[in-house]
Amino acid sequence: MPQQSQYSDNQFETIMHDIIVVLEKHQVKRDLSLMVLGNVLTTIFKQQVPDNQRAKMAEQFTQVLLKSINGK
């Protein structure tokens, strides 16, 4: 069942495109891209998610990521 989002496809696609453009501009390899994106995620979790919700939200995010890359 598709997930409903409060954000428009256009908004999502525009932001994702901008991030990819920055990585390409700097000719970033896969490992550095993943390190940077991982640190961005860590910062978001630390700044925007209450301490008592971080572990659960990180687990949920990880499950969604795994499903996404495994095509399930």
Side-chain angles (χ1 to χ4, degrees):
M1 183 166 150
Q3 186 80 7
Q4 292 290 345
S5 176
Q6 61 182 329
Y7 306 106
S8 70
D9 288 344
N10 186 49
Q11 182 182 24
F12 176 83
E13 294 294 330
T14 299
I15 294 169
M16 187 175 71
H17 176 265
D18 290 349
I19 292 169
I20 291 170
V21 166
V22 169
L23 294 173
E24 289 175 349
K25 172 185 169 189
H26 293 278
Q27 299 177 344
V28 180
K29 293 184 179 181
R30 178 185 57 216
D31 59 340
L32 182 55
S33 293
L34 292 172
M35 288 169 51
V36 168
L37 294 171
N39 282 355
V40 169
L41 288 170
T42 298
T43 299
I44 291 168
F45 274 98
K46 287 184 175 181
Q47 292 181 353
Q48 298 182 19
V49 180
D51 291 351
N52 63 345
Q53 295 178 13
R54 286 183 193 152
K56 182 177 180 181
M57 189 174 280
E59 284 181 33
Q60 291 170 336
F61 179 86
T62 302
Q63 291 304 314
V64 171
L65 176 62
L66 288 170
K67 286 180 183 179
S68 174
I69 62 174
N70 289 326
K72 295 179 182 178

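Every heavy atom of this structure was used, including side-chain atoms; hydrogens, water molecules and symmetry mates were not. Throughout, numbering of the chain's residues begins at 1 and tracks the sequence.
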> Is it the case that one hydrophobic cluster holds both Val36 and Ile15, taking links as side-chain heavy atoms less than 4.5 Å apart, direct or via other members?
yes
> Would you check if Ile19 and Val40 make a side-chain contact, meaning some heavy-atom pair closer than 4.5 Å?
no
> Side chain to side chain donor-acceptor pair (under 3.5 Å): which pairs involve residues 26-46, sequence neighbours left out?
none
> Answer yes if Met57 and Phe61 sit in the same cluster of Ile, Leu, Val, Met, Phe, Trp and Tyr residues linked by side chain heavy atoms under 4.5 Å apart, and no otherwise.
yes
> Atom CG in Leu32, atom CE in Met35: separation rounded to 0.5 Å?
6.0 Å
> Apart from Tyr7 itself, what residues make up its hydrophobic cluster, given side-chain heavy atom links below 4.5 Å?
none
> Working to the nearest 0.5 Å, report the span between CG of Leu23 and CG of Asp18.
11.0 Å
> How long is the straight-line distance from CD of Gln6 back to CD of Gln11, given to the nearest 0.5 Å?
9.0 Å
> Name all residues meeting the side chain to side chain donor-acceptor pair (under 3.5 Å) criterion together with Asp51; count only those two or more places apart in sequence or in a different chain, and write none if there are none.
Arg54
> Is there a continuous path of hydrophobic side-chain contacts, each under 4.5 Å between heavy atoms, that joins Ile20 to Phe12?
yes
